[in-house]
Amino acid sequence: MLTAASAATGLILPTGMAFTQTASAALPTVQGGNAGHYRFRVGDILATVLSDGLIGGPPGVYASDAPEAELQEVLRRTFLPTDRLTLNLNTLLIETNGRRILLEAGAGQTMGPQGGRIFENLAAIGLRPEDIDVVVVSHTHPDHVGNLRTVDGGKAFPRATVFAPRADWHFFVRNDPDLSYMPVPEDFRRNFAAAIKRSVEPVAKGIELYEAGAEIVPGLTTLPAFGHTPGMANFLVQSGNDQLLLTTDLAYHPIVNVDRPWLPGPDRDKDTALASRRRIFDMAAADRLLVLGFHYPFPGLGRMLKTEAGYAWVPVNWQF
């Protein structure tokens, strides 16, 4: 994930990247807050969406080819602020065969002060970081790896084996990545790259690198979804006849990247990312798969509907 803007829009870059909350994006605070976890089943697998909070930025970052007037009108028509698009951080915990597997680590504080909620949401379902056996990240952007490091530099999930895509690890971690494709100031790029290296440092010696297409554990398969980053994967969770598809960062928000075909600005290779998006969205629509969008409004679950114009996002009904 990436947020971008000039200093005039409230960009802060001391330890990570973020935008200040604008008045038009804010809602009245509810004392005590709301639930940040959502449980359901995929066959015999217990699945829990765990919110790590929120990030966001100027809408044009996430709809890079949208005509400005049309983008503004779409946002107004869908009751969204026109100056800031808020994105959720929907990590997924699956419990299967006696193991607890976390899909995406979340942002922590690398992308601003509204991230880092996953630990309190784990506690709300009676778990500690020590209870996580495996962490699998789809790609190594800061909002997917930020929680791997504690404030004092230790392993946030001390018992977990961490899996990351090999191509991303080589591009972002083992080398000094060329981030010139990112539509942001140069100092933002430097901080973005540094946040990745800092976040993964505690797990670097024991990291397990995978090629997209590999099965991580029985019931969890990775799918190639290249373009956003060199090695980004999607996840397919399967148990019996039930399936759940995690589309990670193929799209940021259903209003601008699903219901409309606008291209996310942070995609490193926009043509490859578009081909991945179409291929996987076509599969999701044809197979009527349950889908989890990492940045979609919490809990991020729904289905892809194929339309004459492209696709439409249909949220699932809430389960109690």
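Since the model is a prediction, treat every value here as computed from it, not as a measurement.
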*asked:* Any side-chain to backbone donor/acceptor pair from Arg303 onto Val316? Under 3.5 Å, distance only.
replied: no
*Quick one: pull up CD in Gln109 and CZ in Arg149 and give me the separation to the nearest 0.5 Å.*
14.0 Å
_Shortest non-hydrogen separation from Ala193 to Pro177 and the atoms involved_ = CB-CG, 4.1 Å
_Hydrogens and angles aside, do Asn90 and His295 bring a side-chain donor and acceptor to less than 3.5 Å of each other?_
no
_Going by the rule ring-ring contact (aromatic ring centres under 6.0 Å, His included), which residues pair with Tyr38 if we only count those two or more places apart in sequence or in a different chain?_
Trp318
*How many angstroms lie between atom CZ of Phe226 and atom CG of Asn234, to the nearest 0.5 angstrom?*
10.5 Å
*Using links of under 4.5 Å between side-chain heavy atoms of ILVMFWY residues, direct or through other members, which residues join Leu263 in one cluster?*
Leu274
Using residues 202-212 as the side-chain source, report each donor-acceptor pair under 3.5 Å to any protein atom, sequence neighbours left out, with the distance given to one decimal.
from: Tyr210; atom 1: OH; to: Val137; atom 2: O; distance (Å): 2.8
from: Glu211; atom 1: OE2; to: Arg166; atom 2: NE; distance (Å): 2.9

*In chain order, what residues pass the ring-ring contact (aromatic ring centres under 6.0 Å, His included) check against Trp169, with sequence neighbours excluded?*
none
*Between the main-chain N or O of Ala214 and the side-chain N or O of Thr222, is there a donor-acceptor pair closer than 3.5 Å?*
yes
*Partners of Asp282 by salt bridge (Lys or Arg N to Asp or Glu O under 4.0 Å), sequence neighbours excluded?*
Lys306
*asked:* Restricting to salt bridge (Lys or Arg N to Asp or Glu O under 4.0 Å), what partner residues turn up for Arg99, sequence neighbours left out?
replied: none
*For Ile255, does its backbone N or O pair with a side-chain atom of His253 as donor and acceptor, under 3.5 Å?*
yes
*Taking NZ, NE, NH1 and NH2 as the nitrogens, is one of them in Lys197 or Glu201 under 4.0 Å from a carboxylate oxygen of the other?*
no
*asked:* I'd like to check the side-chain hydrogen bond (donor to acceptor under 3.5 Å, both in side chains) partners of Asp242; sequence neighbours left out, ordered by chain and number.
replied: none
*Heavy atoms only: give me the nearest Ala225-Ala233 pair and the separation to one decimal.*
CB-C, 4.2 Å
*Going by the angle between their ring planes, with limits at 30° and 60°, are Tyr181 and Phe171 parallel, tilted or perpendicular?*
tilted
*Closest non-hydrogen atom pair, Pro142 against Met111*: CB-SD, 3.9 Å
_Taking Asp168 first and then Arg174, would you say they form a salt bridge - that is, a charged N and a carboxylate O separated by under 4.0 Å?_
no
*asked:* What verdict does the salt bridge (charged side-chain N to carboxylate O under 4.0 Å, His left out) test give for Asp267 and Lys270, after you've listed the backbone C-alpha separation in whole Å, the side-chain angles of each residue and the deciding distance to 0.1 Å?
replied: CA-CA 5 Å; Asp267 289 346; Lys270 288 182 172 53; over 6 Å; no
*asked:* Other residues, nucleotides and ligands only: do more than 12 of their heavy atoms fall within 6.0 Å of CG on Asn241?
replied: no
_Any donor-acceptor pair under 3.5 Å from Thr307 side chain to Gly310 backbone_ = yes
*asked:* Please tell me whether Glu104 and Ser138 have a donor and an acceptor in their side chains that are separated by less than 3.5 angstrom.
replied: yes
*Atom of Val134, atom of Ala160 and distance for their closest heavy-atom approach*: N-CB, 4.1 Å
*same_hphob_cluster(Ile216, Val237) at 4.5 Å side-chain heavy-atom cutoff*: yes
*Quick one: list whatever passes ring-ring contact (aromatic ring centres under 6.0 Å, His included) with Phe235, sequence neighbours left out.*
none
*Group every Ile, Leu, Val, Met, Phe, Trp and Tyr by side-chain heavy-atom contacts under 4.5 Å, then state whether Trp262 and Leu87 land in the same group.*
yes
_Strictly by ring-ring contact (aromatic ring centres under 6.0 Å, His included), give each pair with a member in residues 79-124 just once, sequence neighbours left out._
Phe119-Phe157
*Just checking, is any N or O donor in the side chain of Asp269 or His228 under 3.5 Å from an acceptor N or O on the other one?*
no
_Neighbour count above 12 (heavy atom, 6.0 Å) for Asp176 CG_ = no
*Under the ring-ring contact (aromatic ring centres under 6.0 Å, His included) test, residues paired with Phe281 that sit two or more places apart*: Tyr311
*Output yes when a side-chain donor or acceptor of Asn191 lies under 3.5 Å from a complementary backbone atom of Phe188, and no otherwise.*
no
*Could you state the interatomic distance from CG (Leu71) to CG (Asp65), rounded to the nearest 0.5 Å?*
10.0 Å
*Hey, does the side chain of Asp259 reach the backbone of Trp313 with a donor-acceptor pair shorter than 3.5 angstrom?*
yes
*asked:* Check this for me: Arg278, atom CZ, are more than 12 non-hydrogen atoms of other residues, nucleotides or ligands nearer than 6.0 Å?
replied: no
*Pick from Leu50, Leu103, Leu301, Ile101: which one makes a side-chain contact (heavy atoms from CB on, under 4.5 Å) with Leu92?*
Leu103
_From CA spacing to verdict: side-chain contact (heavy atoms from CB on, under 4.5 Å), Glu186, Leu179_ = CA-CA 9 Å; Glu186 179 58 32; Leu179 302 183; over 6 Å; no
_Approximate separation, where rounding is to 0.5 Å, of Leu127 CG and Leu93 CG_ = 6.5 Å
*Is the shortest heavy-atom distance from the side chain of Thr96 to the side chain of Asp44 under 4.5 Å?*
no
*Got a donor-acceptor contact below 3.5 angstrom from the Glu95 side chain to the Leu46 backbone?*
no
*Quick one: does Phe40's side chain get under 4.5 Å of Pro299's, heavy atoms only?*
no
*Find the distance between OG (Ser239) and CD1 (Ile94) and round it off to the nearest 0.5 Å.*
10.0 Å
*Pairs satisfying side-chain hydrogen bond (donor to acceptor under 3.5 Å, both in side chains), at least one member in residues 47-59, at least two apart*: Arg39-Thr48, Asp52-Asn147
_Treating Asn257 as the side-chain partner and Tyr62 as the backbone partner, does any N or O pair qualify as donor plus acceptor under 3.5 Å?_
yes
*Is Leu85 close to Val256 at the side-chain level, that is, under 4.5 Å between some pair of heavy atoms?*
yes
_Working note: Asp249 + Met232, criterion side-chain contact (heavy atoms from CB on, under 4.5 Å); need CA distance, chi angles, decisive distance, verdict._
CA-CA 8 Å; Asp249 278 14; Met232 191 178 82; 3.8 Å; yes
*Distance-minimising heavy-atom pair for Thr229 and His139*: OG1-CB, 3.4 Å
_OG1-CZ distance between Thr110 and Phe192, expressed to the nearest 0.5 angstrom_ = 8.5 Å
_Taking CZ in Arg288 as the centre, count heavy atoms belonging to other residues, nucleotides or ligands within less than 6.0 Å. Is the count above 12?_
no
*Which of these passes side-chain contact (heavy atoms from CB on, under 4.5 Å) with Leu236: Leu245, Ile280, Leu220, Leu244?*
Leu245
*Under the 3.5 angstrom rule, does the side chain of Glu130 hit a backbone N or O of Arg159 as a donor-acceptor pair?*
no
*Please report the closest heavy-atom contact between Pro224 and Gly213, naming both atoms and the distance.*
CD-N, 4.1 Å
*Check side-chain hydrogen bond (donor to acceptor under 3.5 Å, both in side chains) between Thr78 and all other residues, then give those that pass, not counting sequence neighbours.*
none
